[in-house]
Structure formats: structure tokens, C-alpha cells
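Quick note on labels: first sequence line is chain A, next is B, and so on, each numbered from 1.
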Amino acid sequence: MDNFSYTILIPALPLAMFLLIGLTGHKFKALVYGIVGTASLGIITILSYITAISYFWGTEKVEEAFQTIIPFNFEWLNFTETLQIKMGVLLDPISVMMLVVITTVSFAVHLYSIGYMKGEIGFSRFFSFLSLFSFSMIGLVLATNIFQMYIFWELVGVSSFLLIGYYYEKPSAVAASKKAFIVTRFADFGFLIGILILSYFTGTFDFETLTNPESSPVASFVGTSFLGISVISWALMLIFIGGAGKSAMFPLHIWLPDAMEGPTPVSALIHAATMVVAGVYLVARMFVVYHLWAPDVQEIIAWIGGFTSLFAAIIAVTQYDIKRVLAFSTLSQIGYMMLALGVSGYGEHEGVGYMASMFHLFTHAMFKALLFLGAGSIIHAVHSNYMYDMGGLRKYLPITHITFLIACLTISGVPFLSGFYSKDEILVAAFEHNKILFAIEFIVAGITAFYMFRLYFNIFWGEEKEYHHTPHESPLVMTIPLMILAFGSIFAGYLPFSHLVTSDKMPFDTHIEWAIAIPSILIGFAGIAVAWVMYKKKTNIPDKMAAFFGGFYKTVYNKFYIDEIYLFVTKKILFNIVSRSIAWFDRHIVDGSMNGIANVIYFSSKKIKGLQSGQLQQYGAVFIAGALGLLLFVIYLVS
Amino acid sequence: MQEIPLYYFLTVSTLMFFIGVAGFIIRRNLITILMSIELILNSVNINFVAINRYLFPDQLQGHFFSLFIVAIAAAEASVAIALIINIYRKFNSIEVTEVNEMKY
């Protein structure tokens with residue numbers, strides 16, 4: 001099937017669902033909305049799979065390369081001949097792959113939410129927001145031009161804001177949603193300026209034109225520099241800031257841990273699998289431009305990715321809130337993806353980093369969504385987010401236990417599970433590019449295994465705690481998504497990614513580099529072993545370790561005080577110095593001048609109002625005097 | 001028979017006009033003020049008739065003008081007196097200085 005016109009349904013259906021559920025509100029029983037929302041997501045999941053299969057295995061390739069297909073591209077806003085904003089659907093390997101990721105995870109989350117959100121106030125609101133999110137995320141990945149992407153980028157931000165603040169009666173949720181929105185919005189400001197600079201020089205928004213390695217208009221402006229740096233680098237750096245904001249790269253990561261205030265399925269969908277990888281997707285989408293014309297920015301991306309992955313992994317070790325551990329783990333894994341893009345070359349085997357990044361994005365979406373949904377199932381059973389309230393749960397939650405274990409093994413890079421393959425490719429790419437980055441990622445792999453199994457042992461092993469009521473396994477509607485995702489986590493690694501998603505759309509062959517894979521397997525197992533010793537049974541090693549590291553432990557536990565630094569900068573410096581002086585200017589100069597004019601008029605009118613005395617003869621006398629004066633003037637002066 | 005020269009008429013009308021103006025400004029009684037206005041109007045009438053006679057002896061526009069003014073003055077006087085009666089009812093006085101409600 002070469003005609004892809006049905007792909008328009010993939011974004012259209014969730015939009016229709018959003019309107020339907022959002023507008024009908026409480027007309028029907030809550031469950032109806034859940035089922036309708038899930039069913040529509042099921043339909044578009046099937047459509048996406050059909051799209052993926054017919055795209056990857058059914059379309060004509062030109063010289064072995066996958067072609068970009070644009071089944072839809074209509075004019076949305078027409079300003080001038082040269083400035084038009086279009087909306088459309090673009091199919092190429094990464095967007096088709098993202099479709100599969102988004103719809104799979106979104107479907108699992110929808111199904112799961114029917115069970116998880118049962119009985120919550122605003123059940124239908126939740127599903128309408130989920131549909132809105134699915135719509136915006138799909139629109140984002142299918143964007144044909146950078147401006148459409150920006151529009152959907154903001155929509156994604158809004159739906160994330162709405163969903164984090166779902167429990168709007170809880171002050172912490174409100175604060176978290178505000179924080180997420182402001183931080184990402186701040187970053188999007190960079191994105192917008194980047195878009196404007198880029199399109200000002202190149203005169204186009206189209207991805208296809210921009211990312212064409214032979215004839216991109218970008219190439220001719222590399223020489224144009226501003227403050228000693230190429231304008232293209234400026235633009236791409238600013239665009240990357242937008243991506244870093246959404247993907248929560250250091251130092252814009254502060255919103256993601258707080259975003260865990262939202263309902264757990266939301267964390268699984270938005271803050272683990274889909275929205276937070278939008279930044280990675282953006283860089284991948286513009287990869288040709290980054291790699292060929294702004295290698296300096298690409299290098300920065302690699303280092304930011306590497307630093308974030310290490311930084312977040314260290315914090316994850318000390319956290320007690322299981323969702324926060326997972327949030328920092330997400331940061332760390334996204335760091336991996338960014339790093340892989342940063343170190344990647346272009347074309348054939350050179351582009352292994354690019355392929356690995358997309359591969360990891362794919363597998364990570366599966367296992368991280370699984371971890372979050374598993375965590376949701378645990379929270380559902382225990383009614384607490386903190387791992388010191390948990391222990392010995394393996395007997396009570398058998399399905400959650402098994403699926404969670406699979407996810408933990410996958411993220412730790414245990415061989416023959418999907419995470420192993422994608423992580424191995426990233427390590428290979430890093431090794432070929434830069435040994436320091438490789439070393440960082442190698443260490444992070446060990447830390448990852450350690451903190452994941454710290455989580456696992458603390459929850460499912462260890463001594464049993466006092467529970468309010470005996471924890472029970474979640475209903476089938478929640479465990480089926482877990483099983484679906486567990487299946488994905490195990491087998492996603494066997495997809496021949498290097499034949500499907502590559503930097504120049506040409507397939508190439510990869511094989512596992514055992515020289516790198518074996519040490520990374522070993523460090524993964526070492527991490528698991530350390531966690532085993534420390535947390536399988538209750539020991540005092542963790543406390544001793546904490547005491548040993550002392551101040552450093554405290555710093556890490558408080559997330560390196562980044563939040564406090566932000567607060568200091570905004571409250572003390574921005575609000576106190578900048579805002580106050582501006583407020584003074586507004587109050588005294590701007591308002592003052594207006595009030596001054598009013599006062600002058602008021603006082604002068606007070607002085608002259610006595611002229612209107614009500615004495616008729618006075619008016620008459622003045623009138624006659626004036627008439628005579630005019631007469632004299634005309635007679636003697638004019639002639 | 002010798003004609004009366006034009007400036008005789010003009011002198012009389014000018015005197016009447018300024019007497020009227022002075023009365024309008026000086027007198028306090030509303031009725032007197034009304035009478036002063038009549039003086040002003042009639043001084044204008046004299047001017048019209050006299051100048052018509054001297055400039056265009058065989059035409060009558062000036063005469064018609066003065067007839068109109070007389071008619072309008074009569075109407076105006078009746079309206080003014082009606083107003084004055086109402087003012088008297090309200091203020092119990094027809095002193096113009098007392099009638100000063102319409103001020104700041």
C-alpha cells in the first residue's frame with residue numbers, strides 16, 4: 001500500500017476524542033469515556049503499525065534509501081509569497097518509528113488508566129487531556145516543517161502542564177505544573193528565536209529542504225558570523241536549548257523530578273516515554289544540519305548529554321521516592337540518547353550513534369513506561385511513593401514483580417534484552433568518538449544497574465512493612481499493559497534497526513562489539529551485585545555508606561542544590577534587583593507622568609471655574625467687550 | 001422739501017443701541033433687561049429702513065426685514081415674559097443677580 005492518505009487519521013482521531021470527551025463532560029458514565037478513549041487509541045495504534053509495516057517493508061526504495069513521503073501538506077497560514085506556514089504529515093524512518101512508540105505507549109497508558117484512575121474525580125477530564133496530548137505529540141513527530149513542530153511543541157507543553165496539575169487541589173501539584181511550564185516555556189523561547197534566525201537566513205521552514213545534505217540553503221550561510229560564531233551555530237544552539245528544555249537536559253532538568261506530582265500513568269506517558277524525548281527527536285530531525293554545518297554545537301550536545309546522564313544517575317542513587325528515582329533515571333537515559341546524537345557521524349557506519357540514539361529511544365520508551373506503570377501498580381497497592389514504606393512485595397504483586405524485574409534487567413543492559421542492544425550501540429559510538437565520554441557512559445551503565453536494583457530489592461525484597469491493608473495485585477486492566485510493555489522490552493532489541501532508521505536512510509550492518517559489550521555487561525552485573533549485597537536483606541551498609549560520604553551524600557540527596565540556585569537567582573537577584581527597579585520605574589515615571597497630567601488639569605480647572613459665575617450680565621458684558629474688541633481690531637489693524 | 005440727512009437716523013439708532021446695551025448690562029430687573037433688548041432691536045430696524053431709503057429708494061427689502069424683526073421681537077417678548085414669570089415663581093424675584101443657578 002503506497003498511498004498513505006489514511007495517516008491523517010492518526011492525529012485527527014485523538015483530536016476528535018479530545019473534543020468529544022472534553023465537551024460532553026459528565027453526560028455519560030466515567031467508564032464510557034475511558035473505553036471510548038482507549039478504543040480510539042487502539043485504532044490509531046493499529047493504523048500506526050500498518051503505516052510502519054507498509055513504510056518499512058512496502059515502499060519503493062531509491063538506491064536502497066528510504067524516501068521521505070509527504071501525503072499531506074496544506075497551507076495553513078499564507079502571509080506572503082515567501083512566508084507560508086503549512087501543516088502536514090511527513091513520513092520518514094524516524095517519524096514512523098516515533099509513531100509506533102507513541103501509540104504503543106499511549107495505548108498501554110490509556111488502558112492502564114482505566115484501572116488506575118478508577119473513581120478519581122475528573123476521570124473524563126483526564127482522558128480528554130490524554131487525547132489532547134496524544135494528538136499534539138503525534139502532530140509534533142509528523143510535522144513537515146519546523147514551525148508546525150513548534151506549534152505542536154507548545155501544545156505538548158500545555159497538555160503536560162494540564163496533566164501534571166491534574167490534582168489541582170494539591171498545592172505541590174500546582175507548583176510542579178507551573179514550574180514545568182515556565183521552565184520549558186523559557187527554553188522554548190530559545191527555540192523560537194532559533195527558528196526565526198534559521199528561517200531568516202534560509203527562507204524556509206521545510207525540514208525536507210533544510211536537511212538535504214546536497215542542496216540545503218543552510219550551507220551558504222555557514223560563513224556568515226555573528227560575534228565570531230556562525231549564525232547557523234547560533235540558530236542551532238538556540239534550537240537545541242528548546243530541545244534541552246523539553247528533554248530536561250542539565251541545567252534545565254529541574255522540572256522533571258517535580259513533574260512526578262502528576263498521576264503515574266501521565267509520568268509513564270509524558271515524562272518517560274514520549275514528550276521528554278521530543279528534544280532528542282528534534283535534534284535527530286535536524287541532525288544533518290547539526291552534523292554538517294554546526295559540528296561545534298553537536299559537540300556541545302554530546303557533552304551536555306554525557307554530563308546529564310552522569311549527574312542524574314548519581315542523584316538517582318540517593319532518592320527515596322520511587323517515582324523520582326525513575327525520573328532521574330529517565331534524565332540519565334535521555335542523556336545517553338543526546339550523547340549518541342552528539343558523537344554520531346553521517347552516513348553508513350559513521351552514523352551508528354544516530355541509529356543507536358533512535359534505537360535507545362525506542363527501547364527506552366518501552367522499558368521506562370513499563371517501570372513507571374509498574375511503580376504505579378505498586379503505589380496503587382501500598383498508597384505510598386516512598387521505598388521505606390515498601391518491602392517484600394513480591395508475594396503480593398506477582399505480575400508487577402516479574403514485569404518490573406524484566407524492566408530493571410533491561411535498563412541495566414543484561415544481555416539479550418532490548419536495552420542491552422541499544423546501549424551497546426551507544427557505547428560503541430561513544431568509544432569511536434571520544435574516550436572520555438565513553439568512560440562516563442560506561443560508569444553510568446554501572447550506576448544505572450545499581451540504582452535500579454536498589455529500587456527493585458527495596459520494593460520487592462527486604463523485610464515486610466506494616467501495611468494499612470494487605471497489598472493486592474492490580475486488576476487485569478492494569479496488568480495487561482504491563483505485560484504488553486514487558487513483551488516490548490524483551491523483544492524490541494531484535495528489530496533490525498540499522499536497516500530501518502539510519503542517519504542517511506541507507507541500511508547498514510551492525511554487529512555487537514563484544515570487546516565493548518562484555519565490560520559493559522560486567523559493570524552492569526557488578527552494579528546489580530552491589531545492590532544485592534546492600535539491599536537484598538536489611539543491612540546497615542547503606543547507612544554506613546551515607547555516613548562515609550557525609551557532605552557529598554547530603555549534596556547529592558538535595559540534587560546538588562540546583563533548585564536552590566535557581567530560587568536564589570530568581571528570587572534574590574531577579575525579583576529583588578531587576579523587578580524592583582522596573583516596578584519603581586513603572587510606579588514613579590510611567591504612572592507618575594500620567595498622574596501629573598491629570599493633576600495639572602485638575603488644579604488649573606479649579607482655578608478658572610470661577611469664570612462661570614451664572615451672572616447673565618457678566619457674560620453679556622464680556623461678550624460685548626469682545627465684540628467691540630474684534631470690531632476695533634478689524635477696523636484699525638486689518639485694513 | 002428738504003430731506004432729512006442719513007446721519008440723523010444713524011445717530012439716533014446708534015444712541016438707541018448703546019442705551020440698550022448699557023441697560024442690558026446695568027439694570028438688574030429682568031423686565032427692564034427685556035426692554036433694553038427691544039431697544040437694541042428697534043435701533044437696528046431704524047438702520048434698515050433708513051439705509052434702504054437712501055440706497056435703493058424703489059425697493060423694499062429693508063422694510064420687509066424690519067417687519068420680520070418686529071414680528072420676531074413680539075414672539076421673543078412673549079417667550080421671555082413667560083420665562084420671567086416662571087423664574088418669579090421659582091425664585092420669588094426677578095432680580096437677574098439672584099438667578100444664578102447655572103454655574104460651576
* Asked: Ring centroid separation for Phe152(A) and Phe135(A), is it under 6.0 angstrom?
  -> yes

* Asked: What are the two closest heavy atoms between Ser177(A) and Phe161(A), and how far apart are they?
  -> O-CD1, 3.3 Å

* **Beyond-backbone contact of Leu155(A) with Leu140(A), side-chain heavy atoms, under 4.5 angstrom** => no

* Thinking salt bridges, do Glu261(A) and Lys179(A) make one under a 4.0 Å N-O criterion? -> no

* Structure fact -> Shortest non-hydrogen pair, Ser66(B) vs Val49(B), comes out as OG-CG2, 3.5 Å

* **Test item: Thr32(B) side-chain N/O and Arg28(B) main-chain N/O as donor-acceptor pair under 3.5 Å** => no

* Step by step, work out the side chain to side chain contact (heavy atoms under 4.5 Å, CB included) result for Phe56(B) and Ile51(B). => CA-CA 8 Å; Phe56(B) 309 107; Ile51(B) 290 172; over 6 Å; no

* Name, in order of residue number, those residues of residues 183-194 of chain A that have a heavy atom at a distance of less than 4.5 Å from a heavy atom in chain B; otherwise write 'none'. => none

* Heavy-atom distance under 4.5 Å to chain A: side chain of Ile26(B), backbone, both or neither? -> backbone

* Return the option, out of Gln617(A), Gln612(A), Lys609(A), Gln618(A), with the maximum number of heavy-atom pairs under 4.5 Å with chain B. => Gln617(A)

